Amino acid sequence: MQPFTRMKGLVAPLDRANVDTDAIIPKQFLKSIERTGFGPNLFDEWRYLDEGGPGMDNSARPENPEFVLNRDRYRGATILLARENFGCGSSREHAPWALADYGLRVIIAPSFADIFANNCTKNGILTITLDAATVDRLFEEVAAEPGYELDVDLAAQTVTTPGGETIAFEVDGHRKHMLYHGLDDIGLTLERAEAIAAFEEAHRKQRPWVFEAQG
């Protein structure tokens, strides 16, 4: 997984509260357990004017011109600005898969569903919780300035606006470690590979009959 240290990116404002995981990636696209290929169907029901399904040629589908990600000024955004309770609903990990596959690395909102936020961390997406007043102000600034970018520094735990304002954010130390070093759950386990191997060897010596019984 790609480490997250610091990035400057274009911001897209999704001005909706309680965005659930079925809106992020609708249920008909959950047949695959691969982590890639979901980006074209991110927010599918809002993004397109027709009904989408697996295997469709999305390049030929009619886009909804009113949806934020379809507006030219927000194409290529890597930071999503959202409202409260983002990622609520089911625990499907396909939601962060779709967000990451689209190219989003940071989501800023007043609050997130816990399981969704955990799944984002496992897939290299930084979720930043800021107070509602600050989020309101960021929405206003994004609307007023085309090409609005934020500089996100995970090590310093800061977000810097184009005007030079620095906004601090909190992040759990465990999540910060995973993101900064590009680790998912398997990667975390492999960090302790030597200790695991030493434990297994000691266990083999202490209880050899267990391993003999296993053949």
Side-chain angles (χ1 to χ4, degrees), residues 1 4 9-56 58 61-71 74-75 77-136 138-139 142-143 150 152 159 169-172 175 178-179 184-185:
M1 192 168 72
F4 188 109
L10 179 67
V11 182
L14 183 63
D15 198 1
R16 304 183 189 218
N18 304 308
V19 173
D20 63 31
T21 51
D22 192 51
I24 296 171
I25 185 71
K27 59 185 179 301
Q28 65 266 33
F29 300 105
L30 307 187
K31 296 179 180 179
S32 172
I33 57 172
E34 299 291 333
R35 294 189 178 196
T36 59
F38 293 99
N41 298 111
L42 175 69
F43 300 120
D44 195 90
E45 293 180 1
W46 298 340
R47 194 167 158 192
Y48 301 100
L49 295 175
D50 62 352
E51 183 175 349
M56 291 181 66
N58 291 293
R61 297 175 63 194
E63 291 186 342
N64 176 5
E66 299 302 316
F67 185 59
V68 61
L69 296 183
N70 292 336
R71 299 174 191 168
Y74 300 124
R75 290 188 188 271
T78 54
I79 300 174
L80 186 69
L81 183 64
R83 295 296 186 181
E84 63 271 12
N85 199 28
F86 189 86
C88 58
S90 73
S91 60
R92 67 186 67 168
E93 196 169 354
H94 295 70
W97 290 354
L99 291 160
D101 193 63
Y102 180 85
L104 293 165
R105 295 298 311 278
V106 177
I107 306 173
I108 299 172
S111 60
F112 296 91
D114 287 341
I115 294 176
F116 171 80
N118 286 329
N119 284 338
C120 281
T121 300
K122 296 175 183 179
N123 289 279
I125 299 173
L126 173 61
T127 54
I128 297 176
T129 303
L130 299 177
D131 64 87
T134 300
V135 170
D136 285 343
L138 289 175
F139 266 101
V142 171
L150 290 173
V152 181
V159 175
F169 64 88
E170 297 296 323
V171 60
D172 176 80
R175 290 185 180 180
M178 290 182 69
L179 288 163
D184 55 13
D185 286 341

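Everything numeric in this text was worked out from a predicted model, so none of it was measured.
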### Query
Sequence neighbours excluded, which residues qualify as side chain to side chain donor-acceptor pair (under 3.5 Å) partners of Thr134?
Asp131
### Message
Is it true that, when you exclude Glu51 itself, more than 12 heavy atoms of the residues, nucleotides or ligands shown sit nearer than 6.0 Å to its CD?
### Response
no
### Query
Any side-chain donor paired with an acceptor under 3.5 Å for Asn58 and Asn41?
yes
### Message
I'd like to know if Asp44 pairs up with Arg61 as an ion pair, taking the criterion as any Lys NZ or Arg NE/NH1/NH2 lying under 4.0 Å from an Asp or Glu carboxylate oxygen.
### Response
yes
### Task
Verify the distance criterion only: is there a donor paired with an acceptor across the side chains of Asn18 and Glu84 at less than 3.5 Å?
no
### Query
Can you check whether Phe86 and Phe116 have ring centres sitting under 6.0 Å from each other?
yes
#### Entry: Set of side chain to side chain donor-acceptor pair (under 3.5 Å) partners for Arg105, sequence neighbours left out
none
### Query
How about Leu80 and Val106: do any of their side-chain heavy atoms sit closer than 4.5 Å?
no
### Message
Regarding Arg92 and Asp20, does a basic nitrogen lie under 4.0 Å from an acidic carboxylate oxygen?
### Response
no
### Message
Around atom CG of Leu30, are there more than 12 heavy atoms from other residues, nucleotides or ligands closer than 6.0 Å?
### Response
yes
### Summary
Heavy atoms of Asn85 and Ser111 approach each other most closely as N-OG, 2.8 Å
### Query
Between Trp46 and Asn64, is any side-chain donor less than 3.5 angstrom from a side-chain acceptor?
no
### Query
With Thr129, which residues qualify under side chain to side chain contact (heavy atoms under 4.5 Å, CB included), at least two apart?
Phe112
### Query
Could you give the distance from OG1 (Thr21) to CG (Asn119), rounded to the nearest 0.5 Å?
9.5 Å
#### Entry: Pairwise side-chain contact, Val142 with Pro13, heavy-atom cut-off 4.5 Å (strictly under)
yes
### Query
Looking only at atom types and distance, does a side-chain atom of Asn123 sit under 3.5 Å from a main-chain N or O of Ala100, one as donor and one as acceptor?
no
### Message
A quick test of your reading: do over 12 heavy atoms of other residues, nucleotides or ligands sit less than 6.0 Å from CG of Asp114?
### Response
no
### Summary
For Leu104 and Ile79 the tightest heavy-atom approach is CD2-N, 3.8 Å
### Query
When the aromatic ring centroids of His94 and Phe38 are compared, is their separation below 6.0 Å?
yes
